[in-house]
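To start, the structure under review is shown below, and the notes come after it.
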Amino acid sequence: MTAPTALTASSLPEIAARGEVATPQQPLDERRVGIVHFGVGGFHRAHQAMYLDRLMNAGRDLDWALCGVGLLPGDARMRDALDAQDSLYTLVTKAPDGTRDPRVIGSIARYLFAPDDPEAVLAQMTDPAVRIVSLTVTEGGYNYNPSTGEFQYETEAVAADLATRFDPADAQAAGLAGSDDGGANSAQQMGQPRTMFGYVVEALRRRREAGTAPFTVMSCDNVRGNGDLAKRMILAYAQRRDENGLHGDAPIADWIASEVAFPNCMVDRITPVTAESDIAMIASDYGIEDAWPVVSEDFVQWVLEDEFPAGRPAWEEVGVQMVEDVEPYELMKLRLLNCSHQAIAYFGLLLGQTYADEAAVDPHLAPFTRTLYMDREGTPTVPEVPGMDLDAYKDELMARFANTSVKDTLARLAAESSDRIPTWLVPVIRENLEAGRDVSASAAIVASWARYAEGTGENGEQWPVVDRLHDRVMAAAAKHDEDPLAFLRDEELFGDLVEHEAFTTPYLHALEVLRTDGARTLLKELTAAL
């Protein structure tokens, strides 16, 4: 077999000549960065970057190319992959019938690993050509307590940013630079940002100082009111810096509140973690050597509030729904798709399954998810959605989950549950409790998470519980023998749910059955009357 071609800008003509994989039609050297994006993972590359690539292939908006930014140590791998490939990568979408659509995406013009050169990131963000800063930093990246909604100032990296002056001139004006102790006694040291909050606020401060219009901050994460949340958390961070005197006589929070736009949006495309088999498939089937391709389902949706004072790409021309109010769409997606993913994740793993497509056609888990959760508990909390048939949408969700071509793992869906369940499912539970509606299915989902967090399956198999609160949730789950409500007593995750008998009664029953007779028995019991 002929060796695959390494993916680079210079190899694109060779790849295009084969006619198997679509390649960028735009002249790559004519792209100009107009968007800085924090959190370049598989989803961003299958979604926002893909939409922008569509526009560029139509010969327009070359001045809206992306500059990706990575903050975490693990992001060094993305830097290495994209740097070696001139920021190009392969996206392969897979339809339920097995049809594939491969293409090389060319909308990312550069990638910066912030720890390498923080000032390069700030320089890019303060460039007047940059008019949008977008985010896919995950639910946990907004650094808030999901129970209280409050910003968590004590988080290590955030606390460090809140005690650091980022601008040498500003520090010198405040008398910290050049002092005998270098300002050490103030605990307000000069340095570089470590968090998204630090970069966004510092870049906005420098833009204001330079007389440059602010950029729009566009969150694309799976949280309700993602733009509103980003605004609240960024303002909380900025206000604390102002209070700490880190912006001298020119506080920034009020200016951000009045001058910076934070549109909400709903995003949707199931995008599994790239597997070694995906890399091998692209090499064998398409002759492309790609260190980090992306494979996703063929379905894609983006509903976005049209609030971009500094301008935006013509997204509406490539399928993005530009609307005045995104909330009905985001509630539909969060409460029907995302919560249903949690419904199949833990139960599926407890049943010994590996992939979402197995769980989605399971004879007991499928009706539990589609009827007991989606119809009876999720749907009553979703407002009327313009132009959407919810029954058809729910049927389509189950078909998407069952897509055998995508091979989305249940382990991925079960990861970071302490960010997901409180953000997605707990609001559904609260709304149903307030309305006097049944919450048995939701209680069973939470109980399945609690059982999963014990770390050992029904046949003695062990799995890694991937969660930012790993030690905490596993410690709570370890107390089930002595206190069956131990898992629910974490107020940060569940608020006062432990005090609501209408929830704890079905929860305790579900947990007991899961721990004694197993997931199959509980699902059979719950779906027996259907």
Side-chain angles (χ1 to χ4, degrees), residues 270 332-382 390-404 408-414 417 420-421 424-433 437-454 457-459 487-488 497 502-530:
I270 295 172
M332 174 187 72
K333 194 257 182 171
L334 292 171
R335 295 182 172 184
L336 296 178
L337 186 153
N338 293 114
C339 288
S340 296
H341 262 162
Q342 304 315 113
I344 67 173
Y346 318 108
F347 272 115
L349 289 167
L350 291 168
L351 291 170
Q353 296 161 352
T354 302
Y355 296 104
D357 61 88
E358 299 174 79
V361 297
D362 182 273
H364 302 107
L365 184 48
F368 168 81
T369 304
R370 176 63 178 85
T371 302
L372 295 187
Y373 174 71
M374 283 193 190
D375 285 348
R376 298 186 182 179
E377 298 185 24
T379 300
T381 72
V382 176
L390 286 188
D391 284 331
Y393 178 76
K394 289 180 284 188
D395 288 340
E396 184 177 36
L397 286 182
M398 295 303 293
R400 291 169 61 194
F401 296 167
N403 185 340
T404 58
D408 198 10
T409 65
L410 296 172
R412 181 187 80 87
L413 302 182
S417 303
R420 295 176 173 185
I421 292 288
W424 300 341
L425 185 60
V426 170
V428 173
I429 295 169
R430 291 194 177 284
E431 191 167 325
N432 282 326
L433 286 174
R437 294 188 289 260
D438 182 59
V439 293
S440 297
S442 296
I445 296 170
V446 176
S448 70
W449 174 29
R451 172 66 184 87
Y452 161 81
E454 292 179 2
E458 295 177 8
N459 297 313
F487 203 74
L488 290 186
L497 280 187
F503 179 78
T504 58
T505 296
Y507 170 84
L508 287 170
H509 175 72
L511 184 61
E512 180 182 8
V513 176
L514 285 168
R515 302 189 74 230
T516 56
D517 300 318
R520 180 67 66 191
T521 299
L522 178 60
L523 288 169
K524 284 182 177 179
E525 175 190 312
L526 291 171
T527 59
L530 296 180

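Just so we're clear, the structure is a prediction, and the values are computed from it rather than from any experiment.
Two residues are said to be in side-chain contact when any heavy atoms from C-beta on lie closer than 4.5 Å; Y355 and D408 fail this criterion.
In this structure, the separation between CG on L511 and OG1 on T504 is 12.0 Å, given to the nearest 0.5 Å. How far NZ of K394 is from CG of L390: 6.0 Å, rounded to the nearest 0.5 Å. Here the straight-line distance linking atom CZ of R437 with atom OG1 of T381 works out to 7.0 Å at 0.5 Å rounding. Interatomic distance, OG of S340 versus CD1 of I445, reported as 7.0 Å (0.5 Å rounding). Within the model, atoms CH2 of W424 and CG of L337 stand 8.5 Å from one another, a figure rounded to the nearest 0.5 Å.
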Practice prompt. Kindly determine whether E358 and L351 satisfy side-chain contact (heavy atoms from CB on, under 4.5 Å), including the steps that lead there.
Written response: CA-CA 10 Å; E358 299 174 79; L351 291 170; over 6 Å; no
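When the ring-ring contact (aromatic ring centres under 6.0 Å, His included) test is applied to Y452, the partners found at least two apart in sequence or on another chain are Y346, W463. By the side chain to side chain donor-acceptor pair (under 3.5 Å) test, E431 pairs with R335, sequence neighbours left out.
Pairs engaging residues 517-530 under the salt bridge (charged side-chain N to carboxylate O under 4.0 Å, His left out) rule: D362-R520 [sequence neighbours left out].
A pairwise comparison of heavy atoms in F401 and M374 identifies CE1-CE, 4.2 Å as the closest pair. Of all the heavy atoms in L526 and L372, the pair that sits closest is O-CD1, 3.3 Å.
A donor-acceptor contact shorter than 3.5 Å is absent between the side chain of Q342 and the backbone of L425.
One finds no salt bridge joining R376 and D438 here, because no Lys/Arg side-chain nitrogen approaches an Asp/Glu carboxylate oxygen to under 4.0 Å.
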